[in-house]
Amino acid sequence: MTKTAGCCQGCLHYVFDYETPKTLVIPSIRVGFVFRFTQFLVVLYVVGYVCVVQKAYQETDSVLSTVTTKVKGFAFTNTSDADPRFWDVADYVVPPQGGDSFFVLTNMVVTPQQTQSRCPEVGDNNSQQLLIHIHSGILTGLCENYSTTVKTCEVISWCPLEIDTKLPEHALLAAAENFTVLIKNSITYPKFNVHRRNILPHINSSYLKRCEFNRTTDPDCPIFRLKHIVSEAGEEFQDMAVKGGILGIIIDWSCDLDWWARKCNPQYSFRRLDNKNPANNVAPGFNFRFAKYYKTPDGEETRTLIKAYGIRFDVVVHGTAGKFGIVPTVVNLGAALTFLSLVPVVADWVMLTCMGKRDLYKKHKITHLNEVADTETVSDKLNVFTRDYQGLIFSIFPFSSRLFFCQTADKIHSF
Amino acid sequence: MTKTAGCCQGCLHYVFDYETPKTLVIPSIRVGFVFRFTQFLVVLYVVGYVCVVQKAYQETDSVLSTVTTKVKGFAFTNTSDADPRFWDVADYVVPPQGGDSFFVLTNMVVTPQQTQSRCPEVGDNNSQQLLIHIHSGILTGLCENYSTTVKTCEVISWCPLEIDTKLPEHALLAAAENFTVLIKNSITYPKFNVHRRNILPHINSSYLKRCEFNRTTDPDCPIFRLKHIVSEAGEEFQDMAVKGGILGIIIDWSCDLDWWARKCNPQYSFRRLDNKNPANNVAPGFNFRFAKYYKTPDGEETRTLIKAYGIRFDVVVHGTAGKFGIVPTVVNLGAALTFLSLVPVVADWVMLTCMGKRDLYKKHKITHLNEVADTETVSDKLNVFTRDYQGLIFSIFPFSSRLFFCQTADKIHSF
Amino acid sequence: MTKTAGCCQGCLHYVFDYETPKTLVIPSIRVGFVFRFTQFLVVLYVVGYVCVVQKAYQETDSVLSTVTTKVKGFAFTNTSDADPRFWDVADYVVPPQGGDSFFVLTNMVVTPQQTQSRCPEVGDNNSQQLLIHIHSGILTGLCENYSTTVKTCEVISWCPLEIDTKLPEHALLAAAENFTVLIKNSITYPKFNVHRRNILPHINSSYLKRCEFNRTTDPDCPIFRLKHIVSEAGEEFQDMAVKGGILGIIIDWSCDLDWWARKCNPQYSFRRLDNKNPANNVAPGFNFRFAKYYKTPDGEETRTLIKAYGIRFDVVVHGTAGKFGIVPTVVNLGAALTFLSLVPVVADWVMLTCMGKRDLYKKHKITHLNEVADTETVSDKLNVFTRDYQGLIFSIFPFSSRLFFCQTADKIHSF
């Protein structure tokens, strides 16, 4: 029994005996100040930069978004090329269903009454040459007079062929600049179960019926005048309307969901997304072809081909929400504490390298084991500082550094 | 040569001599228990919370998704307003191509036989007033009798004008609630090169031909009845069908790709995404206008304008995949080890502050350097605990804390 | 005054006295080598794996993208089923506006001249049976002869009904394989304010007018031949064209934005996104129905129903940009330093367990406090190594480990 009890006590002592380093207190204000000041710098970095500026204690989540858009406005065109015509939303918005990308028609080349038949390819009357790089139909093998001066080849195609060089120089629907668009955007941060809408809670219906977005006076109004959007993106609507383009309506939902912050409002910005520079570009602007299909009374299919130029508005929603999270906090705190635990290395280095009484400190701090004599001797000149992080310090301070860094300290000390 | 050999040996000793702290073993079960218990708490946090709950050892990736949708069903409408009509998918789904957002028409205001012409604006027969907030065409300057009681102004527009106050109170395509939609969703986590489909490998074709999603009985069937979707979102289909709305079909692909977990199945949920609350809203529900264009036998263009109300279903795919990664593991392990290295600070503090034999421990652990006499003296009362993390401890435990925290310990000790 | 001065000095000493561990230098090359080698391994991991391979010092951001697509090409079909017909972009691309997902029609079942009327359901002439799984219209209650051999029920529907079993076995628009698509993609990394386009700055307009994407000769050309895309995805265009499918054009914008790297170019890859395997699938391929609506001279609405088979091309843009960031650098450096601070634990363990002179080292390193006698004694056999990380080491090296691990070391020592 005594043996067992002794064993138990041994075990207990093995597990619960507490081993702690022996320490030496150096009564040097100078070394202490270096130590405290370095500590202060690390704490300052952690509190100031990591926590306040970078908010590294937060978990993050990406936004999920739904967008509805509704364009309003109408226009009347009366040009020499075509009949007078009234345009409303159903005519100029493609696709009509109002998703996060909508196209507003501003200019077009219309080729009406096309049928499946044969016709000569389009020639260039000015150069009086047959300029056919890419054929616009299936060659029949015949060639005929396109005009009195140009002879072109006959093709099977939708005839008559489109002549898209006849694009109006001034946008046909120049009035589109006064159209407005209502953008409804509802977002979710699934990790935090947060739902928000760009129509903020404090906005009432009557305000929404008459407001218009303005960065200074109405920053929360979700109704945007197209001209305003384009001009905020640094472009001229009438220039852009001729050949078309792509305009990003960027909604930034960066949110700080900590209970003491609770900032989660949309920020609108506008940017042209396509390339204006003609140098390394092809097919500048934005256009596409679509057709309306009809049937003649005798059952033949005809179509009106429209090469539509206009501005595609892409509503781009992005954002990151941050909220206090245990894991990132612990990771960043851990990193900070590691740097705090480096502070003694710096202080030891200063103490054992730069101080006047360095030999005294060395003697008391560091003991040398003499393996042969089984005795301890005080530190010699060579082993001067704590080696825990020596590998690291090596790469930062070369050995000769003492000569340069510590001379000032020595001089100060010698006063 | 002897000199060189000596130098070499010196160098060798400089690089390879090993400096280790001198330690003192305290045979106090109480201090040891504090030390071990604090260690245990840190390990518990790391293993339990960081690894098991938060899976912080994982690298993550965001999902890339492709969605195909195909609606099935037909309806027959026979109301007093319009001719009896049969509706199939080509009639009521917009756009037809079945992407991740599809609109099912449930109600509408149809304005047939519109032509480019002149007509009086729509007046309000009830209030017998000219209520024109926004003109619906280009004013010609003339005004005429809209009805026997109301006089309105003439406009150039698509005439006759739409009277959208005549929206049916009961949804025209009420039968749409029985339509079904097949959703095919294939996802990729590019970082892990993982591809998945929402039609799971164990599901066979014959099951797919007859199944219907049900959270309890058929949770893996990708065919959804529209009524079921809407009711799971907490809405009533027939209410929603009148004015329209937006319904999110949310597919959550959160995956744990560790080889011992291998969980990667879709979770479906449903949520109404637009705002029902009329207080801070404008244009509630969901509708848009589109037109079908015709030509009369004499070549004049006419159109049928449809103001379509209905439910837009948005398939929202989100998710994060996690898989064991070296870097996050090392970072979290590093943070945990840092906290383990804090444990001695706590144990030292307890040992030198709360224990009855604190002065004895202090005497043996801490030596004071007397710079003048070049002697070491044992610790005085003031310097009582390890200063490594003192800056940190200061902010947590004020100095007077000993008076409050340790009295209990003293009392226990005094028994 | 003297008292106050004394108190002040006391305070000053309390705050600024520097406490540093007493250390012992072991002149053992072997222990020193273990220490240095372990240090080297940690530094190697940090520099090699964390910094160079994983670039864990970088902050990351996800891509925002805008895509424009423009298909070019035409085809001529001349089959026994239908009239000869010329097809251009407006005929075969749905939707026409050129977003990030476009559908190229390759095969179809056309049902012209449908009107709202009554007709018998489609029977199966071969099996001479009435095979009606899902009715294709509203049953009138009457049944009639579908053909001389099959009798089916009459329905109210768009008549005549579609017979979609008559899908051509060779794709109608087989010529679609030679169509080309121009993809313009502009991306943004909002956190780093970086904008890029897939038309790289060094590419000029004349090259863009004639180039075609080829992984080896023209990797930067944004014009893709459809056949090439499909074949890079490992599929055969003509097979895929019959029943349709979904093809992903994946653009990877992984960017390294560090000033010394500045790599930010798109990488194209192609992959079939739908499931070819018929085993666990339903509605294989990709098709949808749409209709063109006409009016007869007497005002009756007719439509041409098209069941369109074809390839949907989804442009999927993904990517992560990384750039040097202070917080991730500090976190990873902190984790690395923590592991460096573990190195002495390993070296101590080797020194006190595996070395021949372990008892000598033990004696000088570890002092035992004898609480009763108030004396210090040298280490006994039981307490052999530093306990700072003992809890951790316990779980990795069981106690008997000395027997296995260190025997070799002992043998080496005994030489």
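For the numbers below, each heavy atom of this structure counts, side chains included, while hydrogens, waters and symmetry mates do not. In what follows, chains carry the letters A, B, and so on, assigned in the order in which the sequence lines appear, proteins first and then strands, with residues in each chain numbered from 1.
- C:Val94 approaches B:Gln97 most closely through the heavy-atom pair CG1-OE1, 3.8 Å.
- Considering only heavy-atom pairs separated by less than 4.5 Å from chain C, the leading option among B:Lys191, B:Gln113, B:His195 is B:His195.
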Step by step, would you call C:Arg303 with B:Asp91 a salt bridge (charged side-chain N to carboxylate O under 4.0 Å, His left out)?
CA-CA 10 Å; C:Arg303 72 175 195 186; B:Asp91 297 322; 3.0 Å; yes
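- The distance from atom OG1 of B:Thr367 to atom NZ of C:Lys22, rounded to the nearest 0.5 Å, is 3.5 Å.
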Go through it in stages, so that I can follow the logic: the residues are C:Met351 and B:Tyr18, the test is side chain to side chain contact (heavy atoms under 4.5 Å, CB included), and I'd like the CA-CA distance, side-chain angles, deciding distance and then a yes or no.
CA-CA 10 Å; C:Met351 182 177 82; B:Tyr18 177 60; 3.8 Å; yes
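- C:Ser101 does not touch chain B: none of its heavy atoms, backbone or side chain, sits under 4.5 Å away.
- Looking only at heavy-atom pairs under 4.5 Å with chain C, the residue among B:Thr304, B:Thr296, B:Ile199 that has the most is B:Ile199.
- Atom CZ of B:Phe74 is separated from atom CD1 of C:Ile156 by 11.0 Å, given to the nearest 0.5 angstrom.
- Of the possible donor and acceptor atoms, one in the side chain of B:Ser205 sits under 3.5 Å from a partner among the backbone N and O of C:Asn281.
- With no hydrogens or angles considered, a side-chain donor-acceptor pair links C:Arg271 and B:Thr188 at under 3.5 Å.
- Interatomic distance, CG of C:Asp252 versus CG of B:Leu64, reported as 9.5 Å (0.5 Å rounding).
- Heavy-atom pairs under 4.5 Å with chain C were tallied for B:Asp83, B:Ile203, B:Val343; the largest tally goes to B:Ile203.
- Remark: C:Phe286 engages C:Phe103 in a ring-ring contact (aromatic ring centres under 6.0 Å, His included) (not counting sequence neighbours).
- A distance of 14.5 Å separates NZ in C:Lys292 from NZ in B:Lys292, rounded to the nearest 0.5 Å.
- Contact between B:Leu182 and C:Ala283 at its shortest, heavy atoms only, is CD2-CB, 4.3 Å.
- In this structure, the side chains of C:Arg36 and B:Phe16 come closer than 4.5 Å at one or more pairs of heavy atoms.
- A donor-acceptor contact shorter than 3.5 Å is absent between the side chain of C:Tyr294 and the backbone of B:Lys295.
- In terms of the salt bridge (Lys or Arg N to Asp or Glu O under 4.0 Å) criterion, residue partners of C:Lys307 (sequence neighbours excluded) are, by chain and number, C:Asp164.
- Interface remark: of the candidates B:Pro95, B:Gly98, B:Pro190, B:Ala335, B:Pro190 forms the most heavy-atom pairs closer than 4.5 Å to chain C.
- Separation of atoms CG (C:Leu337) and OG1 (B:Thr338) is listed at 9.0 Å; rounding is to 0.5 Å.
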Take C:Arg289 and B:Val93 through the test side chain to side chain contact (heavy atoms under 4.5 Å, CB included) and record every step on the way to the result.
CA-CA 10 Å; C:Arg289 286 183 181 83; B:Val93 173; over 6 Å; no
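- Judged by distance alone, the side chain of B:Lys184 and the main-chain N or O of C:Asp274 form no donor-acceptor pair under 3.5 Å.
- Between B:Ala90 and C:Tyr293, the closest heavy-atom pair is O-OH, 3.2 Å.
- Using a 4.5 Å cut-off between heavy atoms, B:Ser65 makes no contact with chain C at all.
- Taking every heavy atom of both residues into account, C:Phe339 and B:Val330 meet most closely at CE1-O, 3.6 Å.
- The two residues C:Lys365 and B:Pro21 come nearest to each other via the heavy atoms NZ-O, 2.5 Å.
- Using a 4.5 Å cut-off between heavy atoms, C:Ile29 touches chain B through backbone and side chain atoms alike.
- With a 4.5 Å cut-off on non-hydrogen atoms, C:Ile246 touches chain B through its side chain but not through its backbone.
- Neither the backbone nor the side chain of B:Thr302 comes within contact range of chain C; no heavy atom of the residue lies under 4.5 Å from a heavy atom of that chain.
- Annotation for C:Gln267: atom CD does not count as buried by contact number, only 12 or fewer foreign heavy atoms lying within 6.0 Å.
- Counting heavy-atom pairs under 4.5 Å between each of C:Val331, C:Asn332, C:Thr320, C:Ile138 and chain B puts C:Ile138 at the top.
- Side chains of B:Val327 and C:Tyr49 form a contact here, defined as non-hydrogen atoms less than 4.5 Å apart.
- Without hydrogens or angle criteria, C:Gln116 side chain to B:Phe86 main chain gives a donor-acceptor distance under 3.5 Å.
- Contacts between B:Val67 and chain C at a heavy-atom distance below 4.5 Å involve the backbone alone (N, CA, C, O).
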Step by step, work out the side chain to side chain contact (heavy atoms under 4.5 Å, CB included) result for B:Ile366 and C:Glu19.
CA-CA 8 Å; B:Ile366 302 169; C:Glu19 187 170 336; 4.0 Å; yes
Step-by-step side chain to side chain contact (heavy atoms under 4.5 Å, CB included) determination, B:Thr20 to C:Thr23:
CA-CA 5 Å; B:Thr20 183; C:Thr23 58; over 6 Å; no
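- Ranked by non-hydrogen atom pairs under 4.5 Å with chain B, the options C:Ala291, C:Gly334, C:Ala347, C:Ala56 are led by C:Ala347.
- Checked for salt-bridge contact, B:Arg85 and C:Glu301 meet the test: a charged N lies under 4.0 Å from a carboxylate O.
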